[in-house]
Amino acid sequence: MPRTRHTDGCPGALQVHQAADGALARVRLPGGMISAAQLAALASASSRFGSGTLELTARGNVQIRGITDTAGVAEAVAEAGLLPSTTHERVRNVVASPLSGRVGGVADVRGWVGELDAAIQAEPALASLPGRFWFGIDDGRGDVSGLGADVGVHVLGDGVALLLAGRDTGVRLQAGKVVDRLVEVAVRFAKTRGKAWRVVELADLRLLMPGADRGERYAPVTAWPVGWISQDDGRVALGAVVPLGVLPARVAEYLAAIEAPLVVTPWRSVLVCDLDEAVADAALRVLAPLGLVFDEASPWLSVSACTGSPGCAHSAADVRADAAAAVQTGEAGVRRHFVGCERACGSPPVGEVLVATAEGYRRLRS
C-alpha cells in the first residue's frame with residue numbers, strides 16, 4: 001500500500017533527523033566505497049560533534065548520531081569529498097557487489113557505480129526522489145539482487161537483466177545502456193510515484209517500464225565475505241563484521257590507518273582491500289582484538305538490531321543490548337533481527353524479526 005505521509009524524513013548529511021539522542025546524519029557512499037582518509041574524517045567528526053561511533057546501514061552508508069553541531073558535521077563531510085551535491089545528496093543510494101573487480105563475478109561493475117552517481121547528480125528530476133529509493137548493481141554473483149533494490153541490474157553471461165523491486169522484468173540491456181536506463185526508470189518513478197516512496201508500493205510496474213514482467217525474485221544471500229579473502233590478483237581483502245553495525249570512532253581510525261581502499265557492505269561489515277599478505281596478517285592481528293569479527297562461524301553474523309532505546313523514541317526496549325545478550329544464548333544458525341517497534345527498521349530479507357513489547361519479544365516475521 002502507498003504511504004499516506006507526504007513528508008520524507010529520511011536523513012542526509014544536510015537534512016538531519018532529530019532522534020531521541022540528538023541529531024542524526026546519514027552519509028551516502030555509492031557502492032559502499034570510501035577512502036581511508038574519508039573514513040578517518042567521519043570518525044573525527046563523530047568524536048568531535050557526535051556520539052563517538054559510526055553506524056553502518058543496510059544500504060552500505062554511514063550514520064553519525066548524537067550530533068551537537070550539525071553545521072560542523074556537514075562541513076567535515078563536505079571537506080572529505082563526501083558531499084558532491086547539496087541538492088541530490090540524499091538520493092545517491094547505490095548498492096553494488098562489494099567484491100566486484102577483486103574476487104569473482106561476471107563483470108567488474110565499479111565503473112557503473114561512478115557513472116551512475118554522476119548521472120544521478122546531473123538529473124534535476126531526481127532531486128525529488130525519496131531518500132529510501134535505491135539502485136542495485138549486481139555483478140552476476142547474486143549478492144545484491146536478492147536485497148530488492150527499487151531499480152537494479154544483474155549481469156548475465158549474455159547481457160544485463162533489468163530488475164524492479166528485486167524482480168526480473170525480462171528486459172535485457174547492453175552494457176553501454178545500463179546507466180542511462182537506470183536513470184530513465186528513476187525519473188519515471190519520480191514523476192509518477194504519487195505518494196509511493198518505493199517501487200514495491202506501485203500497483204503497476206509498467207508505469208516505469210512498458211512491457212516489464214513481474215518476474216521471479218532473486219533469492220537473498222545467507223552468507224557474505226568474512227575474514228581472509230584471496231583476491232584474483234593475488235592480494236588480500238579482509239572482511240570485518242561490525243557487531244550490530246556500531247563502529248567505534250577509535251576502531252574506525254585503526255581501519256583508516258591501514259591506508260587501503262575500503263568498502264562498507266550492506267551486511268554492516270567493512271572490506272579492507274588490496275593488501276599484501278604481510279600487511280593483511282599484521283592488520284588482522286591488530287583489528288581482531290578491537291572487536292571486529294573475522295570468523296564466519298561467529299554468532300555475531302546471525303544477530304542484528306535497529307537502534308532501539310534510548311536513541312529512538314519509538315522503541316519499547318534497548319534492543320541492541322538484548323541482541324547482544326542473544327549472541328550468548330542464541331541457537332546456532334538462526335538469524336534474528338531485534339526491533340523496538342512495528343516499523344521494523346533495518347530488517348534483513350531473511351531470518352526472524354522480533355519486535356519488542358511490554359511483555360517481551362514476539363515474532364513479527366519468521
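What you see below is based on every heavy atom in this structure, not just the backbone, and it leaves out hydrogens, waters and symmetry mates.
Counting heavy-atom neighbours within 6.0 Å of Arg172 CZ, excluding the residue itself, gives a total above 12. Around atom CD of Glu277, no more than 12 heavy atoms belonging to other residues, nucleotides or ligands sit under 6.0 Å away. Atom CZ of Arg48 has 12 or fewer neighbouring heavy atoms from other residues, nucleotides or ligands inside a 6.0 Å radius.
Under the side-chain contact (heavy atoms from CB on, under 4.5 Å) rule, Ile137 has a single partner from Val160, Val155, Val109, which is Val109. Checking Gln15, His17, Gln63, Glu55 one by one against Arg26, the side chain to side chain donor-acceptor pair (under 3.5 Å) holds for a single residue, Gln63. Each of Val62, Leu262, Leu82 was compared with Leu39 under the side-chain contact (heavy atoms from CB on, under 4.5 Å) criterion, and only Leu262 meets it. Put simply, the residue from Asn93, Leu129, Val94, Val199 that forms a side-chain contact (heavy atoms from CB on, under 4.5 Å) with Trp134 is Asn93.
In this structure a side-chain-to-backbone donor-acceptor pair under 3.5 Å is missing from Arg92 to Pro30. Of the possible donor and acceptor atoms, one in the side chain of Asp138 sits under 3.5 Å from a partner among the backbone N and O of Ser145. When atom types are taken as modelled, the side chain of Asp8 and the backbone of Gly131 share a donor-acceptor pair closer than 3.5 angstrom. Remark: side-chain polar atoms of Asn61 are paired, donor with acceptor, to backbone N or O of Leu29 under 3.5 angstrom. When atom types are taken as modelled, the side chain of Asp276 and the backbone of Ala278 share no donor-acceptor pair closer than 3.5 angstrom. Although no hydrogens or angles enter the test, the distance criterion places no donor-acceptor pair under 3.5 Å between the side chain of Asp281 and the main chain of Ala283. Remark: side-chain polar atoms of Arg268 are not paired, donor with acceptor, to backbone N or O of Val242 under 3.5 angstrom. Side-chain atoms of Ser97 do not come within 3.5 Å of backbone N or O of Ser100 as any donor-acceptor pair. Side-chain atoms of Ser46 come within 3.5 Å of backbone N or O of Gly52 as a donor-acceptor pair.
Note: the hydrophobic cluster containing Ile258 also contains Val251 (ILVMFWY, side chain heavy atoms under 4.5 Å, direct or indirect links). At a threshold of 4.5 Å between side-chain heavy atoms, the hydrophobic network of Ile, Leu, Val, Met, Phe, Trp and Tyr places Met33 and Leu42 in two separate groups. Put simply, Val27 and Ile120 are part of two different groups of oily side chains (I, L, V, M, F, W, Y) that touch within less than 4.5 Å, one to the next. Linking ILVMFWY residues whenever their side-chain heavy atoms come closer than 4.5 Å, directly or via other members, leaves Leu182 and Leu147 in distinct clusters.
Nearest heavy atom pair, residue Ala125 against residue Ala190, reads O-CB, 3.8 Å. In terms of heavy atoms, His337 sits closest to Cys306 at CE1-N, 3.7 Å. Across all non-hydrogen atoms, the minimal contact from Ala119 to Val179 is CB-CG1, 3.8 Å. Shown here for Pro243 and Val293, the closest heavy-atom pair between the two residues is CG-CG2, 3.9 Å. For the residue pair Leu164 and Met209, the shortest heavy atom distance occurs at CD1-CB, 4.2 Å.
Note on Arg132 versus Asp150: no salt bridge recorded, every NZ/NE/NH1/NH2 to OD/OE distance being 4.0 Å or above. Between Glu352 and Arg363 a salt bridge is recorded (basic side-chain N to carboxylate O distance below 4.0 Å).
Distance NE2/His154 to CG/Asp143: 9.0 Å, rounded to 0.5 Å. To the nearest 0.5 angstrom, Leu284 atom CG is 7.0 Å from Trp228 atom CH2. Residue Ser85 holds its OG atom at 12.0 Å from CZ of Arg28, rounded to the nearest 0.5 Å. Annotation: the span from Phe133 atom CZ to Trp197 atom CH2 amounts to 15.0 Å, rounded to 0.5 Å. Taken to the nearest 0.5 Å, the CG atom of Leu271 stands 6.0 Å off from the OG1 atom of Thr265. Separating the CD atom in Gln121 from the OG1 atom in Thr87 is a distance of 8.0 Å, to the nearest 0.5 Å.
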> Does the pair Leu208 and Leu202 meet the rule for a side chain to side chain contact (heavy atoms under 4.5 Å, CB included), with working shown?
Replying inline: CA-CA 10 Å; Leu208 304 181; Leu202 297 178; 3.7 Å; yes
>> Show, in sequence, the C-alpha distance, side-chain angles and deciding distance for Asp274 and Arg102, and conclude whether the salt bridge (Lys or Arg N to Asp or Glu O under 4.0 Å) test is met.
In response: CA-CA 8 Å; Asp274 303 342; Arg102 292 187 168 98; 2.8 Å; yes
> Which is it for Glu184 and Arg181 under the salt bridge (Lys or Arg N to Asp or Glu O under 4.0 Å) test, yes or no, and what are the steps along the way?
Replying inline: CA-CA 5 Å; Glu184 174 187 324; Arg181 188 56 64 90; 3.5 Å; yes
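When hydrophobic residues (I, L, V, M, F, W, Y) are linked wherever their side-chain heavy atoms come within less than 4.5 Å, the members clustered with Tyr218 are Leu156, Leu163.
Ser309 and Asp318 share no donor-acceptor pair across their side chains, judged by distance under 3.5 Å alone. Side-chain contact annotation: Thr307 with Arg65, donor-acceptor N/O pair under 3.5 Å present.
Using the six-membered ring where Trp is involved, Trp224 and Trp267 have ring planes that are parallel, under 30° apart on the 30 and 60° scheme.
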